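Written below as structure tokens is the structure these notes are about.
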Amino acid sequence: MELTTRPLNPPPKSTCLVTGGAGYIGGHTVLALLDAGHEVIVLDDLSTGFRWSVPNTAKLIIGDVGDFDLVCRVIRTNGITSILHFAAKTVVPDSVRDPLGYYLANAVKTQTLLAATISEKVGNFIFSSSAAIYGNSESFVSEAQKADPQSPYGRSKYMAECMIEDTGAAHQMRYAILRYFNVAGADPKGRMGQSTKNATHLIKVAIETALGKRPCMEIFGNDYPTPDGFAVRDYIHVADLADAHVLALSRLQRGTGSFTVNCGYGRGYSVKEVVDIVKALTGIDFKVRLAPRRAGDLASVVANSDQLRSFGWRPRFDELSTMVRHAYQWEMELASKRH
Ligand code: UFG
């Protein structure tokens, strides 16, 4: 029998504003919210998201989350009761090259969104944070570990976390901060997947290489202090992560109080192990080149996921091979989309 994270006595439905809902993680969460019966209004500037990825059952407003007047108007006219904030810049090495762009998108605009949230008295705020707020760790990272972000991206997310916590303490706003580990995979029903152009994420890059969309891929560094020398990450299926958001929303609605939670499985794979699984599943021995370490990368990032599990989260797709299979199916589907 398939276990789900849906509560037995579902809380009242929410009218959700999902910023960045035309993107990868926001988009999967839109599907999960709709599946759970919530109403969804997406606010997205389509800078990296896609119009086609927003289902007809959600409303799409094209605009900037940093536009205070627009956000207030959207909240008022749609009767928004919960905000899920995904809109962000998300690529660690990019943030090293363009720190100010990252601070604007991820910190400054979150401040504006929070101001609108308080001004319009929205009670629930859910935030996409990241394992990038942690520094290097020898073991499983728990939420109690001190923040020590190593990149402008991580610092921009941590700044946003601080603003959210302080705002929650000062105003009638409950919040859930979800710290994502490495998100991968695609909707098991094939409705969406990672569609970003020029993607830098390992699993997507490996699959694109297997499909001949890239002539070769690089592995960044083999001299990390890990068992095989390759960097280790905790890969989480995007559909399980989307479920975690629905669960977080139901907790906030039930009045359980604000919380910050890791979203990972608590199991790490090295870059080489991931590449080997992609090769085995696709049956294609694509070309891989060893390259120097990438700026901003950590040796090992693996979650302690006890807290999320204690909330009743039951992952459904926690096999790396399932993540790779779904991502591979989506990559083939993507060829038929105009994007
Ligand atoms: N990698 C390669 N070759 C590639 C791409 C990636 O060797 O072509 C390596 C990276 O060096 C790293 C690992 O694969 O060691 C994972 O890299 P990703 O780019 O897939 O992901 P990151 O760990 O850099 O970052 C991701 C998200 C962040 C999030 C972080 C949390 O992009 O938003 O996971 O761990 F903060």
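Keep in mind the model is a prediction, meaning the values are calculated, not measured. Order of listing sets the numbers, starting from 1, for every ligand and every atom in it. Numbers here simply count residues along the sequence, with the first being 1.
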Side chain or backbone, does R233 bring an N or O within less than 3.5 Å of an N or O on ligand 1? yes

Side chain to side chain, I133 and R179, heavy atoms closer than 4.5 Å: yes

May I ask you to identify the nearest protein heavy atom to atom 10 (C) of ligand 1, giving residue, atom name and distance to one decimal place in Å? D297 OD2, 3.4 Å

Answer with side chain, backbone, both or neither: which part of V205 has a heavy atom less than 4.0 angstrom from an atom of ligand 1? side chain

Just need the protein heavy atom nearest to atom 33 (O) of ligand 1, so name the residue and atom and give the distance. Y153 OH, 3.1 Å

For atom 29 (C) of ligand 1, what is the closest protein heavy atom, and at what distance to 0.1 Å? S130 OG, 3.3 Å

For V65, is there any backbone N or O sitting under 3.5 Å from a side-chain donor or acceptor partner on T19? no

Taking distance alone, with N or O pairs closer than 3.5 Å, would you say E218 contacts ligand 1? yes

Does an N or O anywhere in L202 fall below 3.5 Å from an N or O of ligand 1? yes

Within the 4.0 Å heavy-atom shell around T90, which atoms of ligand 1 are there? 32 (O), 33 (O)

Please check this pair: side chain of Y102 against backbone of R155, looking for a donor-acceptor N/O pair closer than 3.5 Å. no

Distance-only polar pair, side chains of R73 and T77, donor-acceptor under 3.5 Å: no

In this structure, atom 32 (O) of ligand 1 is nearest to the protein heavy atom H201 NE2, 2.8 Å

Enumerated ligand 1 atoms positioned under 4.0 Å from heavy atoms of I219: 7 (O)

So F220 and R293, side-chain contact (heavy atoms from CB on, under 4.5 Å) or not? Walk me through it. CA-CA 5 Å; F220 303 125; R293 288 185 182 191; 5.6 Å; no

Out of all atoms in ligand 1, which are within 4.0 Å of some heavy atom of A131? Include the element for each. 31 (C), 35 (O)

Judged by modelled atom types alone, do N262 and Y134 share a side-chain donor-acceptor pair under 3.5 Å? yes

Audit row: T81, S14, side-chain hydrogen bond (donor to acceptor under 3.5 Å, both in side chains) steps and yes/no: CA-CA 6 Å; T81 54; S14 198; 2.8 Å; yes

Counting distance only, does the side-chain N/O of Y24 pair as donor-acceptor with the main-chain N or O of A184 below 3.5 Å? yes

K109 side chain vs D67 backbone, donor-acceptor pair below 3.5 Å: no

Does H245 have its ring centroid less than 6.0 Å away from the ring centroid of Y180? yes

Among all protein heavy atoms, pick out the one at the shortest distance from atom 7 (O) of ligand 1; state its residue, atom name and that distance to 0.1 Å. F220 N, 2.9 Å

Has E208 got a side-chain atom pairing as donor or acceptor with V205's backbone, closer than 3.5 angstrom? no

Could you tell me the residue and atom name of the protein heavy atom closest to atom 31 (C) of ligand 1, and the distance to it rounded to 0.1 Å? N182 OD1, 3.5 Å

Among all the protein's non-hydrogen atoms, which is closest to atom 24 (O) of ligand 1, and how far away is it? R294 NH2, 2.8 Å

Numbered atoms of ligand 1 (with element) below 4.0 Å of A231, judged on heavy atoms: 15 (O)

Regarding ligand 1, does F181 bring an N or O atom to under 3.5 Å of one of the ligand's N or O atoms? no

Got the closest protein heavy atom to atom 9 (C) of ligand 1, with its distance? V271 CG2, 3.7 Å

